[in-house]
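Both backbone and side-chain heavy atoms feed into the values below; hydrogens, waters and symmetry mates do not. In what follows, residues are counted from 1 in the order of the sequence shown. Just so we're clear, the structure is a prediction, and the values are computed from it rather than from any experiment.
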Amino acid sequence: MLVAGSMIGSGIFIVSADITRNVGSSGWLLVVWLITGFMTLTAALSYGELSAMYPKAGGQYVYLKEAYNPLVSFLYGWSFFTVIQTATIAAVGVAFAKFTAYLLPQFSEDRILADLGFLQISSAQLLAIVVIVMLTYVNSRGVNTGKSIQTFFTLAKLLSLFGLIVFGLFFMQKDIWQLNWKDAWELKPLAGSAGIGSYTTLAAFGAIAAAMVGSIFSSDSWHNVTFVAGEIRNPKRNVGLSLALGTIMVTVLYILTNIMYTGVLSLHDIGHAEKDRVAVSAAQVIFGGSGTVIIALMIMVSTFGCNNGLIMAGARVYYSMAKDGLFFKKVGTLNKNAVPAFGLWIQCLVASLWCLSGKYGDLLDMISFVVVMFYMLTIGGIFILRKKRPDIERPYKAFGYPVLPLIYIIMGLAFCLLLIVYKPRFTWPGLIITLIGIPVYFLIGKVKNNQRA
């Protein structure tokens, strides 16, 4: 439930619009989701080995520390706190508000409550912050409370998404399907989008990378289960199993959802859906006017449950960092409910600031770049640990090693380099924030040495 619940949030209902604008065809729309699904499943199967070797709270932070050194693991933890987890929580919170506004227009992104010149604050941003604060409070009350919410909302959105797919495939329109798949493999900007004509070879790769920003974001956070490994029964077996089953299930649902989109909406309607709410446009065709209300409610449930999973898992990383003396000491303490509450609340503060900083798409660009960068490093850690620690028990070994992990690293590197070239506006800031962690690490080390002296 945590793997699937953290993965299925807002992306599948929104990002196909931007993907379609970049690739301009049904075939390439599905290729982008298939590439992302392959990368996600490969990464999850690779992480299974690491989770079985180190079945304790902290997940990726612990794996990087064991494979490389404390600096690399700190840079991940720093990026996780400043960008990856907190900006993801913000993006999902903003998406919750985006669909709430469909039912209650007073929460629209266009309704500006305060204009400070350098910053505009909308009612949608405030709603996102309220939801984040509320879920942080719930999770500070103990893991069982958060787990109950996670299970209920994940089941609700899985059934709802499955229902949308089934009804959508049943009501597919033959003329729309044939039109969408007539030139299915022509890669070019969608008519009415930025750019005209076909891409050059390099620009085509850039377009695919730009399109994958949304699909990678939609498929991210599958690894959150590794952060709470210390609170899972038989983690050596169950963490790897949950990674495999969760990612396979969600990947299949995502592919089927996009097949359904191309059967009920023209490419133009997918690419130019109002405020990118593709699922709402599809529901209107399938169910009529009442369908849009149903789908908006469904996505509100989906994003709410997703953020609960993200918030629940995030503070466990800061807890591990604090135990290593690399974060605020108070973050390494548990409250009376055995939860790192202080970590939850500072996560809440940073996520709330991200809610005020930018729009949904801007947050996606920055998150996707940084997160893939650390996935590559972590998967590279499997090769290092095979040489460095051959003695450690490996109840599970990475599927397809060394070929599949190596393919992931090559694909991830290509993705990051292409984003730097073709989407520099937010990829560079994400990289800079990560690198700022280097002087912060040495500053913390200096303070610790002074305290010892």
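Using a 4.5 Å heavy-atom cutoff, the side chains of I311 and I89 are in contact. Between K98 and T303, the closest side-chain pair of non-hydrogen atoms is not below 4.5 Å. Considering only heavy atoms from C-beta on, L158 comes within 4.5 Å of M249 through its side chain. Using a 4.5 Å heavy-atom threshold, the side chains of S302 and F13 count as touching. Taking 4.5 Å as the limit, every side-chain heavy atom of L45 sits out of range of all side-chain heavy atoms of L243. Under the 4.5 Å side-chain criterion, counting only non-hydrogen atoms from C-beta, L253 is not in contact with I12. Put simply, the side chain of V92 does not reach to within 4.5 Å of the side chain of F96, judged on heavy atoms. Counting heavy atoms from C-beta outward, E109 and V94 have side chains that approach closer than 4.5 Å.
The one candidate from Y318, Y319, Y61 that meets the ring pair (Phe, Tyr, Trp, His ring centres under 6.0 Å) condition with F81 is Y318. When V331, L334, T333 are each tested for a side-chain contact (heavy atoms from CB on, under 4.5 Å) with P340, only one passes: L334.
Side chain of W28 to backbone of W185: a donor-acceptor contact under 3.5 angstrom is found. Judged by distance alone, with hydrogens and angles left aside, the side-chain atoms of Q85 form a donor-acceptor pair with the main-chain N or O of L310 at under 3.5 Å. With S219 contributing its side chain and I216 its backbone, the two residues share no donor-acceptor pair below 3.5 Å. The main-chain N or O of L135 is never found under 3.5 Å from a side-chain atom of N307 such that the two would form a donor-acceptor pair. Between the side chain of S25 and the main chain of A184, a donor-acceptor pair closer than 3.5 Å is present. Side-chain atoms of N258 come within 3.5 Å of backbone atoms of Y254 as a donor-acceptor pair (strictly under, hydrogens ignored). With hydrogens and angles disregarded, a donor-acceptor distance shorter than 3.5 Å links the side chain of Y68 to the backbone of L377. At least one donor-acceptor pair under 3.5 Å links the side chain of N69 to the backbone N or O of V72. Listed for the R21 side chain is a donor-acceptor partner under 3.5 Å among the backbone atoms of G271. The backbone N or O of K397 lies less than 3.5 Å from no partner atom in the side chain of E49, so there is not a single donor-acceptor pair.
Residues T378 and Q60 bring a donor and an acceptor atom of their side chains to less than 3.5 Å of each other. One side chain, Y375 or D220, offers a donor N or O that lies under 3.5 Å from an acceptor on the other. S79 and T434 share a donor-acceptor pair across their side chains, judged by distance under 3.5 Å alone.
Taken from CD1 in I84 to CE in M373, the straight-line distance is 7.5 Å, to the nearest 0.5 Å. To the nearest 0.5 Å, atom CG of residue L417 and atom CZ of residue F415 are 11.0 Å apart. Here I382 contributes atom CD1 and R394 contributes atom CZ; the two are 9.5 Å apart, rounded to the nearest 0.5 Å. For the atom pair N335 CG and R141 CZ, the distance stands at 9.0 Å (nearest 0.5 Å). Separation of atoms CE (M376) and CD1 (I409) is listed at 8.0 Å; rounding is to 0.5 Å. Here the CE atom belonging to M212 is positioned 5.0 Å from the CE atom belonging to M39, to the nearest 0.5 angstrom.
Note: Y76 and F80 have tilted aromatic rings, judged against thresholds of 30 and 60 degrees for the angle between ring planes. Ring geometry for Y54 versus Y63: interplanar angle of 30 to 60°, hence tilted.
For K330, the NZ atom counts as loosely surrounded, since its 6.0 Å shell holds 12 or fewer non-hydrogen atoms of other residues, nucleotides or ligands. The number of heavy-atom neighbours closer than 6.0 Å to CZ of F205, taken from other residues, nucleotides and ligands shown, is 12 or below. In the displayed structure, Y422 atom OH is contacted under 6.0 Å by more than 12 heavy atoms of other residues, nucleotides or ligands. At most 12 heavy atoms of other shown residues, nucleotides or ligands fall within 6.0 angstrom of atom CZ in F399.
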Query - Derivation and outcome, side chain to side chain contact (heavy atoms under 4.5 Å, CB included), residues T42 and I407 - result: CA-CA 9 Å; T42 299; I407 289 173; over 6 Å; no
Query - Check against side chain to side chain contact (heavy atoms under 4.5 Å, CB included), F442 and I438 - result: CA-CA 7 Å; F442 287 108; I438 296 174; 3.8 Å; yes
Query raised in the report: Between L356 and I129, is a side chain to side chain contact (heavy atoms under 4.5 Å, CB included) present by the stated rule, with each step listed?
Result: CA-CA 9 Å; L356 299 175; I129 291 170; 3.9 Å; yes
Requested in this report: Start with the C-alpha gap between F74 and F327, add the side-chain angles, then the distance that decides, and say whether ring pair (Phe, Tyr, Trp, His ring centres under 6.0 Å) holds.
Outcome: CA-CA 9 Å; F74 174 80; F327 210 53; 8.0 Å; no
**Report entry** Full working for side chain to side chain contact (heavy atoms under 4.5 Å, CB included) between D391 and R389
**Finding:** CA-CA 5 Å; D391 54 308; R389 299 297 306 273; 3.4 Å; yes
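Here the closest heavy-atom approach between residue S215 and residue V32 is recorded as OG-CG1, 3.5 Å. Closest non-hydrogen pair, S218 versus V15, comes out as OG-CG2, 3.4 Å. Annotation for A204 and L187: closest pair CB-CD2, 3.6 Å, computed over non-hydrogen atoms. Closest heavy-atom contact between A91 and F217: CB-CZ, 3.9 Å. For the pair A87 and W354, the tightest heavy-atom approach, listed with the atom from each and the gap, is N-CD1, 3.6 Å. Here the closest heavy-atom approach between residue P405 and residue I379 is recorded as CB-CG2, 3.6 Å.
The pair D324-K65 counts as a salt bridge, with a side-chain nitrogen and a carboxylate oxygen less than 4.0 angstrom apart.
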